[in-house]
Amino acid sequence: MMRRPSLALLALGLGLALSPSLGYRRSPPTIMALQKGPRQGNPLNRFWTRLTRGDGLLTVPDEKFADVVVVGAGMAGLICARKLAAAGKSVTVLEGSDGVGGRIRSDKVDGYILDRGFQVFIEQYPESKAELDYSALGLKQFEPGAVVRREGGFYTVTDPFRRPVKSLGGVTAPVGTLVDKLLVAYLSLRLQIESVGEILQKPEVDTEEYLRTRRGFSPVMVEAFFRPFLSGIFLAPLSLQSSRMFEFVFKMFSEGAAALPRNGMGAVPQQVYDGLPDGTVKLNTTVAAIDGRGRGVALENGTVLGCDAVVIATDAPACAKLLKMAQVLGDGEDDGVLLNEDGRSSTCLYFTTDGPPPVKDPILVLNGESDGGLVNNVCFPSAVQSNYAPEGKTLVSVTVVGMPPAAGGGTRGAAESLERRVRDEMTVWFGEEEIEKWEFLALYTFPYAQPAQTPPNDFGFSKSSAVADGIYVCGDHRDTPTLNGAILSGKVTAAEVLEDLESQALQAAAGGAGAEAAGER
């Protein structure tokens with residue numbers, strides 16, 4: 001039996017390498033604790049409090065650093081900055097980490113591309129099509145549908161319109177009835193004639209009720225296919241998912257393909273970053289506070305940068321912290337900001353193995369077993385996009401919805417325990433001989449992997465970006481919790497900022513002209 005390697009720990013950017021005598025064939029695998037908790041005991045905390053003078057206002061220098069400061073270099077912030085720069089505004093993006101992309105990033109490890117958590121690029125998203133160069137991304141597509149692990153076997157459920165021959169093999173699979181398959185085809189056709197705007201304005205229920213009651217799918221179809229498929233996308237049980245979001249994403253999958261970029265999902269925000277003016281993005285630059293009038297930001301080192309408007313393009317919890325310090329958002333009532341801080345968590349483990357994968361088609365493998373289990377889905381990214389692994393190797397991605405106690409333990413022993421549990425489950429799926437060949441590469445944990453969208457979403461999925469004079473908020477938590485939502489939010493926010501700055505300039509010009517006329521009299 002091949003010796004399974006021990007783990008190394010990389011937590012919050014600090015590496016702890018294990019002894020090379022442990023028998024690694026290359027550098028030790030890694031636990032990636034990617035999201036920082038609250039800073040404890042930072043001596044500058046009181047300094048930031050003094051900077052904000054207790055009323056949410058900073059002492060801002062007279063000289064303006066930029067027209068607009070964007071806090072956060074995720075997709076929403078980068079798109080917003082691109083639109084502002086294209087309109088002739090000077091814009092600076094301040095990013096606390098060492099790279100752009102926010103939650104959409106990829107790491108290069110020993111010739112492998114490891115996306116930070118399993119993600120796919122949905123080609124049909126309208127905002128992605130409008131803002132990104134698909135040919136430059138070098139996309140390779142997944143097969144439509146999924147392979148479902150059910151009753152000890154593997155069964156392919158595919159799109160009858162795009163793969164009619166393959167779909168015939170799934171008619172007798174224990175993943176729903178023939179009526180269920182017909183209902184899927186009907187739903188796909190019906191949603192194709194409805195616009196995204198219409199779908200997101202529909203009456204809303206939770207997705208479990210929608211599938212069982214409103215669409216009439218059988219319990220086995222809901223349990224074996226929709227549960228693992230949608231839980232892997234929205235990182236929550238069906239009862240905590242919006243029917244609007246289901247219809248939107250189902251429409252996208254029905255009309256287009258899921259794909260992986262040549263250089264990983266991180267290539268998506270990187271493309272936007274590459275199109276920005278040189279020097280726009282400042283990495284490793286953490287914003288500690290914003291001015292309550294939107295006239296500046298304070299950096300972690302105490303430097304205050306002046307501007308005409310501030311755009312907060314972080315995730316919702318980080319955004320809330322900045323807004324509360326600026327006294328734009330209270331600790332109790334929302335004050336009209338409509339900021340939902342709730343999020344969904346996920347865990348992803350990467351393995352490598354020699355030779356081809358046990359499922360050779362470029363397709364997602366779902367856990368549809370009635371007894372559930374730890375693993376939600378398995379993917380072999382290198383079977384979709386060969387760039388993801390060195391020649392002759394296979395990259396394996398295993399996704400666990402949520403954060404098992406072991407994943408968040410932050411210790412080598414806890415992570416090894418989680419790895420063992422995943423291996424045990426995968427041994428039942430693929431056999432001991434196959435799993436013995438899997439070598440562990442990395443573990444990624446995401447306490448906040450995605451904004452929650454638990455119904456009812458009374459204010460819809462499109463919230464205003466302007467939360468106070470001179471202060472704007474964008475991100476997928478302001479729109480749909482998708483790449484499409486992040487891009488759209490960035491575009492809408494840029495448009496609101498430009499409109500307000502133009503209005504202020506006109507008012508200032510009118511006031512100046514009036515004062516000049518009065519002086520002449």
Side-chain angles (χ1 to χ4, degrees), residues 35-39 42 44-60 66 68-74 76-77 80-81 91-97 102-103 285-300 302 304-343 447-448 450-452 457-479 481 485-486 489-490 492-494 496-497 500:
Q35 291 176 315
K36 299 182 181 180
R39 300 176 65 91
N42 192 310
L44 287 176
N45 278 337
R46 282 178 291 179
F47 179 57
W48 298 331
T49 302
R50 289 203 306 272
L51 279 173
T52 56
R53 302 186 339 203
D55 56 5
L57 305 181
L58 297 171
T59 303
V60 179
V68 183
V69 170
V70 177
V71 184
C80 181
V91 55
T92 294
V93 181
L94 304 176
E95 168 58 44
S97 74
R103 284 170 276 135
T285 305
T286 301
V287 172
I290 66 169
D291 178 61
R293 303 156 297 185
R295 294 294 175 262
V297 301
L299 305 185
E300 195 174 41
V304 178
L305 306 177
C307 58
D308 291 330
V310 174
V311 176
I312 305 175
T314 66
D315 61 29
C319 176
K321 182 179 178 181
L322 291 173
L323 290 178
K324 287 175 182 177
M325 187 175 290
Q327 298 191 11
V328 174
L329 182 68
D331 290 323
E333 293 298 321
D334 201 301
D335 299 328
V337 176
L338 306 179
L339 186 65
N340 179 11
E341 298 179 52
D342 294 338
Y448 186 94
Q450 183 186 114
N457 292 281
D458 294 331
F459 298 98
F461 287 102
S462 183
K463 302 176 183 69
S464 173
S465 63
V467 297
D469 289 343
I471 302 176
Y472 306 81
V473 173
C474 67
D476 56 358
H477 58 92
R478 305 302 287 175
D479 206 276
S489 178
V492 169
T493 300
E496 287 199 52
V497 172
D500 289 350

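Since the structure is predicted, the reported quantities are computational estimates derived from the model, not experimental observations.
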If you round to the nearest 0.5 Å, how far is [atom2] of [Y] from [atom1] of [X]?
X	Y	atom1	atom2	result
Y472	R478	OH	CZ	13.5 Å
S465	I471	OG	CD1	12.0 Å
C307	I290	SG	CD1	9.0 Å
N340	H477	CG	NE2	9.5 Å
L94	T314	CG	OG1	12.0 Å
L338	N457	CG	CG	11.5 Å

Atom of [X], atom of [Y] and distance for their closest heavy-atom approach:
X	Y	answer
G72	A313	O-CB, 3.8 Å
E95	A73	OE1-N, 2.8 Å
A316	E341	CB-CA, 4.0 Å
L58	R293	O-NH2, 3.0 Å
P317	Y448	CD-CE1, 3.5 Å
T92	A66	OG1-CB, 3.8 Å

Between [X] and [Y], is there a donor-acceptor pair closer than 3.5 Å when you use the side chain of the first and the backbone of the second?
X	Y	result
R295	D308	yes
T493	S489	yes
E300	V287	no

Does any part of the side chain of [Y], heavy atoms only, come nearer than 4.5 Å to the side chain of [X], both counted from C-beta?
X	Y	answer
L299	T286	no
V473	L323	yes
D291	V297	no
V311	V68	yes

Worksheet item: Is it true that E496 and K463 make a salt bridge, defined as a side-chain N closer than 4.0 Å to a carboxylate O?
Response: no
Discussion item. Check D315 with R103, please: is the shortest side-chain N to carboxylate O separation under 4.0 Å?
Written reply: no
